[in-house]
Amino acid sequence: ALSGMRPPTLPTFEEVRLANGMRVIVVQRGALPLVSLVLACNAGGSEDVGVTPGIDELLERVLERRAREAAPDLPVDLRPDVAVFSSGVTVSAGGARDRLGAMLVSIAEIVVTPRSDGDVVRRERQLLVDEIVDASHSYGVRVRDVHERVLIYGRDDPRARPWYGDLDAFRAVAASEIAARHRALFAPDASAVVVVGDVEVAEVIDQMASAFGSWSAPAVHGTRLAAAAFPTPAARLHAFPVSGPATIALRGRAPTRLQPDRAAFEVATALLGGMFGARINRVLREERGHTYGVHATLNDYREYSVLEIDLAV
């Protein structure tokens with residue numbers, strides 16, 4: 001430890017479990033009249049066996065549109081964000097303290113009821129199809145979609161496919177499939193809501209009970225894909241020669257959060273390019289002018305982690 005450094009002071013919190021099994025965790029931080037909340041559920045995730053490719057990305061869009069329609073008076077920056085990860089799904093929002101009730105209403109609307117309107121699904125699906133078609137005109141995107149996942153995961157791993165799978169099959173994803181996927185991802189006894197901000201604990205618990213207390217759904221935990229095998233460790237360095245800046249990318253296995261050398265690996269990653277203030281960036285970018293920058297990050301999945309380093313020249 002550096003001299004004079006003190007360990008961080010962790011805030012106190014209150015935890016309550018509702019009758020339906022959902023956990024509510026409240027952290028009081030009164031310095032600003034703001035509140036942040038995240039609902040996390042680990043019943044299923046993006047690396048479940050048998051999941052239709054692209055359905056999670058489409059579900060994210062559909063749920064966010066439903067949230068906007070449920071609370072149209074909420075400003076854009078207060079509307080919930082939905083994200084499906086390998087370890088589960090999160091719904092997050094934040095803003096002024098006096099808008100907590102409206103944010104909870106919009107989150108409960110999209111979490112509690114597995115409803116999916118056909119028109120909304122068709123509209124959001126078409127927007128994603130347009131993005132896929134636009135991206136397919138980029139040489140760099142095509143190379144990454146075709147080759148990078150194969151080099152990381154191996155040709156036979158389902159994760160090696162483009163995120164949307166087959167475009168024609170993605171175009172056919174129906175509203176009933178979205179509703180079924182919703183039921184697989186959300187359940188109260190596999191969920192927790194964390195609220196941080198200038199709030200009163202008793203008031204938050206009352207609002208949570210009102211918004212989520214009647215929610216009843218069994219947790220149907222998905223079967224996870226086996227951990228990534230990284231079958232071609234020698235083929236980790238990829239160069240994408242495109243017009244303008246070219247990208248050189250390295251992908252490799254990294255220690256998971258449970259491994260003892262993870263903390264040291266995170267420090268090394270930050271020093272080698274996890275931030276523009278890192279020494280390697282100062283040398284390569286500022287002093288020598290060789291590169292726009294080196295960026296390194298760790299992507300955590302449920303049972304494995306991937307180190308991603310990108311260099312733009």
Side-chain angles (χ1 to χ4, degrees), residues 38-41 44-48 50-95 102-103 105-149 158-186 222 240 242-244 247 299 301 308:
V38 177
L39 183 146
C41 184
S46 60
E47 292 197 352
D48 291 346
V51 174
T52 301
I55 196 169
D56 288 338
E57 288 80 1
L58 181 53
L59 177 65
E60 291 172 357
R61 298 285 190 97
V62 169
L63 292 182
E64 287 175 356
R65 178 172 288 277
R66 276 185 57 191
R68 293 196 297 270
E69 294 171 351
D73 60 325
L74 273 180
V76 172
D77 58 334
L78 301 186
R79 294 171 181 167
D81 292 317
V82 182
V84 182
F85 302 100
S86 61
S87 57
V89 57
T90 65
V91 184
S92 57
M103 287 188 283
V105 167
S106 63
I107 291 177
E109 168 65 23
I110 63 176
V111 168
V112 172
T113 307
R115 172 173 53 81
S116 187
D117 180 85
D119 289 337
V120 173
V121 171
R122 282 189 290 272
R123 185 161 56 246
E124 296 301 323
R125 186 184 60 206
Q126 186 58 50
L127 290 173
L128 280 172
V129 168
D130 292 344
E131 292 178 16
I132 294 167
V133 172
D134 277 345
S136 69
H137 297 306
S138 164
Y139 172 78
V141 171
R142 289 204 310 275
V143 170
R144 285 174 181 259
D145 277 344
V146 172
H147 297 296
E148 183 169 300
R149 288 185 175 88
R159 286 168 289 220
R161 296 175 296 186
W163 66 265
Y164 54 85
D166 175 77
L167 188 55
D168 289 336
F170 180 67
R171 284 191 173 105
V173 173
S176 58
E177 295 177 81
I178 293 292
R181 184 63 178 145
H182 184 289
R183 286 190 290 271
L185 286 175
F186 290 102
F240 302 99
V242 296
S243 59
T247 300
N299 274 338
Y301 299 86
E308 299 188 2

Peer 1: If I compare all heavy atoms of I107 with all of P80, which pair ends up nearest, and what's the gap?
Peer 2: CG1-CG, 3.7 Å

Peer 1: Of E109, E124, E60, which meets salt bridge (Lys or Arg N to Asp or Glu O under 4.0 Å) against R65?
Peer 2: E124

Peer 1: Nearest 0.5 angstrom please: Q126 CD to R171 CZ, how far?
Peer 2: 7.0 Å

Peer 1: Does any non-hydrogen side-chain atom of W163 lie less than 4.5 Å from one of L128?
Peer 2: yes

Peer 1: Is there side-chain contact between L185 and D56, with at least one heavy-atom pair below 4.5 Å?
Peer 2: yes

Peer 1: Would a distance-only check, ignoring hydrogens and angles, find a side-chain to backbone donor-acceptor pair under 3.5 Å from D117 to V120?
Peer 2: yes

Peer 1: Show me, pair by pair, the donor-acceptor contacts under 3.5 angstrom made by side chains of residues 83-91, not counting sequence neighbours?
Peer 2:
{"residue": "S86", "atom": "OG", "partner": "R302", "partner atom": "N", "Å": "3.1"}

Peer 1: Do the side chain of H182 and the main chain of I110 share a donor and acceptor less than 3.5 angstrom apart?
Peer 2: yes

Peer 1: Are any side-chain N or O atoms of E177 and backbone N or O atoms of A174, one a donor and one an acceptor, separated by less than 3.5 Å?
Peer 2: yes

Peer 1: Counting distance only, does the side-chain N/O of R181 pair as donor-acceptor with the main-chain N or O of I55 below 3.5 Å?
Peer 2: no

Peer 1: Is any side-chain heavy atom of T113 closer than 4.5 Å to a side-chain heavy atom of R66?
Peer 2: yes

Peer 1: Answer whether the closest heavy-atom distance between the side chains of L58 and Y164 falls below 4.5 Å.
Peer 2: no

